[in-house]
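Encoded as structure tokens, the structure appears first; notes follow it.
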Amino acid sequence: MEYTLNVLNIKEQFYTRRGIYKALNGVDLQLKKGEILGLAGESGCGKTTLGLAIIGLVPRNAAIIEGEVLINGRDLIAPLREYASRNSKKFNFRKSENIIKKLNQQLASIRGSMISMVFQDPMTSLNPVLRIGFQISETLVTHQPEMLAKRKLARSRVTDIDLRDMLELLKNGADEKAIRVFTESKGLQGIEEQVLNIWSRSDLGEAKKEKMIVSLRSTKLGSFERAILNGVKDRRGMGGWMKIPGLSRLPKSILFKEGYRKAVELISTLEVPNPEEVVKMYPHELSGGMRQRIIIAIALANNPELVIMDEPTSALDVTVQAQILELMRHLKQRFNTSFILISHDLSVLSEVCDRIAIMYGGRIVEVAETDMIFKKPLHPYTTMLISAVPTFQTTEIKGISGAVPDMRDPPDGCMFNPRCPYVMEKCKIVNPHLGEVEQDHSVACYLYGD
Amino acid sequence: MIIAARKLVKHFEIKGNSVFGKPLRLKAVDGVDIQVKEGEIVGVVGESGSGKSTLGRLLLRLLEPTDGVVLFNISDDVLAKYDFYIENGELDRAAAIEKDYSIFLKKGKKLREMRKDMNIIFQDPYSSLDPRLNVLDVIKEPIQATGYMDSDAAFDRCMQLLDEVGLPKDFAYRYPHELSGGQKQRVAIARGIATLPKFIVLDEPSSALDVSVQAQILTLLRGIREKYNIGMLIITHNIAVISYMSDQVNVMYAGKIVESGPKRDIILNPVHPYTIALISAVPGKMIKSNRIILKGDTPNLVDPPSGCVFHPRCPMAFDICGWTTDEIMVDMIFLVYDKYADKFSDETVVSISTNNSLIVSKADEKKLVEIINLEKGRMKSLMAIDRVEKYENGAELKIKQYQVPKMYKHDGRLVSCLLYAAGDQKP
């Protein structure tokens, strides 16, 4: 079985003044293509740390002492692990910082294109002094300049007759494939997504759509600009000579302008009203729900393999939360992307996730399909977590006595043993490993065998 | 009634926003009636910015209202009399009752006396405890400040309270930073019930806490209510918490209460379109059928929608819900310039002529009627167009007068929606 994401036995520690904080203690996680995995647990159980470790975002006092993060077979955090395993006795912040800096450079081409992340607070994760369109096109220009150049060139090359032909095809009920074949035969790759996007918009009338499609053709493209655009390639970024200060301005400004057009298309698929106006706005002009949509648009801009969403709806109102969850359900069908959804709210996860993993004390204690987690929770912690949430039906809710363990000095054996009602002698000595008890239902508890 | 508010209004002035120096006003609470009986838990639920926290603060006189009264510790007969006087315009008699019971007219010693009987527990236990006071001082403060007990008795009372909220006695000399979130909230609860008040406002008591701790805190609060018969007003955005805790539920939207009644009725069988949408939006496996996704966001309270405040987002809105020429103009512009651009000439102009009419110049009125009838289902605002008349070379759209909903009695509750205006029985 080929996995999009394969996390193998990852262990992360933080070196603090008051001792070593063991944040992750051997997490295994597999994610298939197009799957949504939920990550739940109390605060302090390592959900966010795991999410950040997957995309290699670690603070300088952190050491990943073991484990691999494989995305399509590529090991992302190898340098960190190697450093930490060599220097397990004496940890040096300065050296660690240098390693992280190097890692950041290596991962720059992957972050935002293969994996991207949506952070919790939509109010603070957008840059307040840049326009929405700029922030979306920034990621496009960095990772896919060639695609933007192609779009622009295709628009200059296309003729009115081609556009009318395409319109005719669409009106006769042609699907995406037919349009793609048509543009390829004419050598106009890059125009089809623009046409299709306008056609699939629900907020415009047919007459307006036709007008917009026909007016896609642009004549204003000088031979100099054309030469520049032809030279833009993904691998080399902007091309070597364009890195010279001053000279790099020109292609960049052309690409950013094109990025704005692409941004309109992106956010119109996320049901943002008036996308043409919104790209010219600044973040403070938008409401929380709209901002979260923009952030999701940035995360999805380059069709990543994996999107990690850290509490995407916790800062939003219930009705807006419902909008965003509805949107995620659409996105799952539309883009073939895998999602990791981190939340402390099991009911939010139950809405959109295929599978749910419950974390406790830096470990995954139970993984199963969403229905199974609710119908037949096995681990005592899962059971207690579910019964602690008030719902419309419950008349009695039970808290979990005790607190999350201090991970500087974690209990021996199973992390949950001080709070567990079914604790046995064995639990206090050796930690149970995550084993499959039924098909697709794994649990780490001695109640279900070793 | 331990507390009863009538027509409570709070407008905040926002500085320097208007052209002619007249300050803009944010209508945070706009004409709210609410009451809490002895030993009853009343829930207020709403989205952020709906004015629920402001309401809580007004009831304790932590804010001075713009208008309205809050009557404290008033017997049911007197309150009924008061309502009767207000309804029949016998204002001087009503004023006499206000003089005795209104918390906004109390002064000096009487006000301090009253403070003993009410308290508030805040949302964020991390910032509501003074970091320089230890737990003992935190709990002692309201006991001594209100003159409820003297210093020695207060110490014993503190120990008793710590036991009550489930904290060990040696916590008395700890400082807030040494406590976890749940423990801090327990200390805040101990402080809240220190003087055995008759009325407590719980402002989002559990939303800063983890689910496992939230369950403990809610159970504790319910236990305290049983034991001391304290009237509580619980303010939260979490409907599940409301449904677990409260006896009565009030749903707030944009500074107004839209539905109010017993919990069982409202949670299981909501009738106001907003309540229906709000309850269906709660995530979870339990109620997945017919979810209503509201469009848009909560309105700007500086300039709230006319008529019913909910009408721009309401899935059931109809012709007299409060549509104004501005709203219709936005939709007409979309129809004329975008959606049906091919049916109108380029010189067509949509403009507002009077309060209740719009003019579409250089357009055929028959075509307009056709389009309006076609789009009525999707664009609710078009329903408010009464008739289309010929006007010079264009057409004039006459708009129906809207109505402002009052609280109507329906099926054992009060609901502020014109859908239920017809079946209103006089309360």
Side-chain angles (χ1 to χ4, degrees), chain A residues 40-44 203-211 271 273 286-290 313 315-323 325-327 344-352 370-371 374-375 381 384-404 419, chain B residues 45-50 166 180-183 206 209-220 222 237-245 267-268 274 277-288 291-298 300 313 334-335 337-344 375:
Chain A
E42 287 173 271
S43 46
D203 58 336
L204 298 174
E206 199 144 298
K208 178 88 173 174
K209 281 186 200 168
E210 275 176 35
K211 224 176 176 181
E271 293 153 34
L286 299 174
S287 64
M290 282 302 138
T313 60
L316 304 174
D317 275 319
V318 217
T319 52
V320 183
Q321 172 175 291
Q323 290 171 5
L325 292 178
E326 184 75 20
L327 180 70
H344 65 274
D345 193 342
L346 272 172
S347 48
V348 167
L349 296 182
S350 75
E351 287 278 308
V352 284
T370 305
D371 286 343
F374 286 91
K375 267 189 214 144
Y381 180 62
M384 292 168 91
L385 200 62
I386 291 170
S387 65
V389 183
T391 58
F392 295 151
Q393 277 78 20
T394 42
T395 47
E396 205 65 35
I397 52 174
K398 278 186 237 129
I400 308 174
S401 57
V404 184
R419 301 169 84 182
Chain B
V45 63
E47 291 177 271
S48 51
S50 59
S180 72
Q183 288 164 343
S206 66
L209 306 171
D210 251 322
V211 271
S212 58
V213 185
Q214 163 174 305
Q216 295 166 9
I217 295 292
L218 294 181
T219 322
L220 173 69
R222 277 219 333 200
H237 64 271
N238 188 338
I239 301 150
V241 168
I242 287 276
S243 97
Y244 174 69
M245 289 289 287
I267 301 281
L268 297 181
Y274 176 67
L278 189 71
I279 286 175
S280 82
V282 175
K285 282 271 159 196
M286 314 296 184
I287 28 153
K288 205 141 207 191
R291 165 158 301 168
I292 300 159
I293 306 279
L294 290 179
K295 291 209 179 79
D297 290 289
T298 40
N300 174 9
R313 298 173 80 190
F334 170 73
L335 289 179
Y337 295 136
D338 287 347
K339 192 149 188 183
Y340 296 98
D342 49 340
K343 293 191 179 162
F344 296 95
E375 289 292 327

Tell me, for A/Glu271 versus chain B, whether the close heavy atoms (under 4.5 Å) come from the side chain, the backbone, both or neither.
neither
Output all residues satisfying side-chain hydrogen bond (donor to acceptor under 3.5 Å, both in side chains) with A/Glu326, sequence neighbours left out; order by chain, then residue number.
A/Arg329
Among [options], which has the most heavy-atom pairs under 4.5 Å with chain B?
options: A/Ser287, A/Ala322, A/Pro390; answer: A/Pro390
options: A/Ile397, A/Val404, A/Ile400, A/Leu385; answer: A/Ile397
options: A/Leu316, A/Val318, A/Thr313; answer: A/Val318

Do any N or O atoms from the side chain of [X] and from the backbone of [Y] form a donor-acceptor pair under 3.5 angstrom?
X: B/Ser280; Y: B/Ile292; result: yes
X: B/Arg313; Y: B/Lys295; result: yes
X: B/Asp210; Y: A/Glu42; result: no
X: A/Glu351; Y: A/Val348; result: no

Going by ring-ring contact (aromatic ring centres under 6.0 Å, His included), name the residues that satisfy it together with B/Tyr244, two or more places apart in sequence or in a different chain.
none
For [X], which atoms come within 4.5 Å of any heavy atom of chain A: side chain, backbone, both, or neither?
X: B/Glu47; result: both
X: B/Ile267; result: side chain
X: B/Ser243; result: side chain

Between chain A and each of B/Leu268, B/Ile239, B/Thr219, count heavy-atom pairs under 4.5 Å; write down the option with the most.
B/Ile239
